[in-house]
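Proteins get letters first, then strands, A, B, ... in listed order; numbering begins at 1 in each.
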Protein chains: 2
Amino acid sequence: MFSYEGSMARTAGSHSDITGPRVAQTALRLFARHGYAAVSMRQIAAEVGVQAGALYNYTADKQSLLFDLMRGHMDELLDARAAVPMLQDPVARLEGFTRFHIHFHLERLDAVFVSYMELRNLSPENFAVIEGLRRRYEDELEAILRDGVQQGLFGVADTKITTLAVIAMLTGVTTWYRAQGRLTVPEVESIYWDMIRKTVSA
Amino acid sequence: MFSYEGSMARTAGSHSDITGPRVAQTALRLFARHGYAAVSMRQIAAEVGVQAGALYNYTADKQSLLFDLMRGHMDELLDARAAVPMLQDPVARLEGFTRFHIHFHLERLDAVFVSYMELRNLSPENFAVIEGLRRRYEDELEAILRDGVQQGLFGVADTKITTLAVIAMLTGVTTWYRAQGRLTVPEVESIYWDMIRKTVSA
DNA sequence: TTCATAACTGAACATCCGTTCAGATCAAAG
DNA sequence: CTTTGATCTGAACGGATGTTCAGTTATGAA
């Protein structure tokens with residue numbers, strides 16, 4: 001009389017609409033926490049609650065898993081940005097960009113972390129894609145600064161460098177902000193906007 | 001009659017004063033390029049020109065290799081900073097800090113990259129040590145800002161946040177600056193100082 | 001020239017890695 | 001109830017991982 005508790009096949013209640021997103025969420029969290037190279041497919045599978053082989057119903061390989069997460073993040077970023085109505089005044093546009101950048105990134109700490117730290121773990125072709133999307137996002141900021149300079153509203157020595165400096169300052173908020181801290185997101189936005197406003201002032 | 005070209009022991013010309021530094025340099029370069037977790041002891045050994053086992057004459061284990069590199073970098077940072085004569089005027093101190101930070105970091109791109117990206121690969125005890133050193137460095141900037149605010153020279157809403165924002169902006173220079181570019185290091189220093197000066201202006 | 005020791009090799013250890021796949025079981029449609 | 005396809009298991013693949021160590025040779029001092 002033998003009884004096998006562990007089955008060797010499809011498990012009760014299993015459904016790709018549930019497992020699929022769980023694979024992505026779990027991979028994102030583990031990649032953010034420990035790094036892509038340090039996380040094994042078996043670890044991801046264990047946290048999802050399946051065997052490692054089952055992951056390959058949802059991704060072609062580990063590299064695609066990383067790339068799809070980063071690609072999805074960048075698409076979300078550009079889509080969300082495009083959904084904001086375009087303004088005219090460079091100062092208002094810069095304030096809008098600043099506030100958008102901060103709250104968008106603070107709501108996606110894991111994705112931001114992975115999208116920056118794991119660039120070197122992308123294959124060359126995948127890297128080129130992500131890099132292109134990132135560039136597209138930064139180009140808007142550069143355009144804002146250029147327009148502001150042209151209209152005599154901003155005092156910026158080098159537009160390209162200032163673009164990267166502003167992005168670096170803004171993204172840096174993700175290293176210290178925690179939701180349970182003393183400041184709300186809008187308060188943080190205002191503090192950074194005050195700094196950025198002065199940084200580019202004439 | 002047999003002849004063995006490959007020896008099984010100490011190689012001609014081998015000396016720890018030469019191999020030791022080469023191990024450290026090679027590990028730093030590979031960790032910066034591919035990440036700690038993605039680099040194997042055998043890869044490091046191959047680039048140094050020894051077998052993997054020989055590395056253990058120079059480090060207790062892989063974790064110590066990483067920690068010693070980061071620890072060495074932070075010590076260098078604090079020592080180099082301490083060697084600069086202390087000034088009185090907060091504005092002059094902030095300019096000095098800005099210029100120091102930029103050229104020190106631009107001269108050590110690999111070490112900067114590793115010291116930031118590989119924090120999560122440190123054991124908890126090692127992490128605490130590095131974190132403490134980093135905090136000590138940032139504390140000087142915070143003191144400068146606090147003094148400047150007290151003397152009415154700076155207009156800063158939140159000293160702690162501004163400290164981190166300034167550091168983030170400054171360190172961001174390492175992501176784009178390359179030695180063969182169009183700007184010299186002093187020129188880059190001046191551009192960033194101009195931005196920082198305005199960022200904290202009253 | 002002798003000899004201690006510094007420096008390294010080569011092999012081995014147990015364990016982990018990403019990925020594949022035949023087969024088993026479940027879910028859902030007919 | 002039957003059937004089809006979706007979902008997962010468990011085992012296996014070849015190879016890589018960090019680390020240890022007995023043995024071997026070069027070095028440099030005595």
Is the NZ or CZ atom of B:R93 both under 6.0 Å from the centre of the six-membered ring of B:F97 and within 45° of that ring's axis?
-> no
List in numerical order all residues of residues 54-73 of chain A for which some heavy atom is under 4.0 Å away from an atom belonging to DNA chain D.
-> A:A54, A:N57, A:Y58
Between A:Y36 (OH) and C:dG18 (P), how many Å, whole number?
-> 8 Å
Between the base of C:dA24 and the side chain of A:R10, is there any donor-acceptor pair under 3.5 Å?
-> no
Ring centroid separation for B:H101 and B:Y192, is it under 6.0 angstrom?
-> no
Hey, what's the ring geometry for A:Y137 with A:F100, parallel, tilted or perpendicular (30° and 60° as the breaks)?
-> tilted
Could you check if a side-chain atom of A:Y56 sits within less than 4.5 angstrom of a side-chain atom of A:M41, using non-hydrogen atoms only?
-> yes
Using only heavy-atom distances, determine whether the side chains of B:S64 and B:T59 contain a donor-acceptor pair under 3.5 Å.
-> no
So, B:R99 versus B:S190: side-chain donor-acceptor pair below 3.5 Å or not?
-> yes
Answer yes or no: does a side-chain N or O of B:T19 lie under 4.0 Å from OP1 or OP2 of C:dC8?
-> yes
Residue-level proximity of residues 40-51 of chain A to DNA chain D when a heavy atom falls under 4.0 Å | A:R42, A:V50, A:Q51
Can you tell me if the side-chain N/O atoms of A:S16 get under 4.0 Å from OP1 or OP2 in D:dT7?
-> yes
Taking for B:V39 and for B:A12 the nucleotide of DNA chain D with the nearest heavy atom, the one nearer the 5' end belongs to B:V39
How long is the line joining NE2 of A:H15 and C1' of C:dT25, in whole Å?
-> 15 Å
Under 3.5 Å side-chain donor-acceptor pair for A:R22 and A:T26 = no
Is there a side-chain contact between B:F113 and B:T174 (heavy atoms, below 4.5 Å)?
-> no
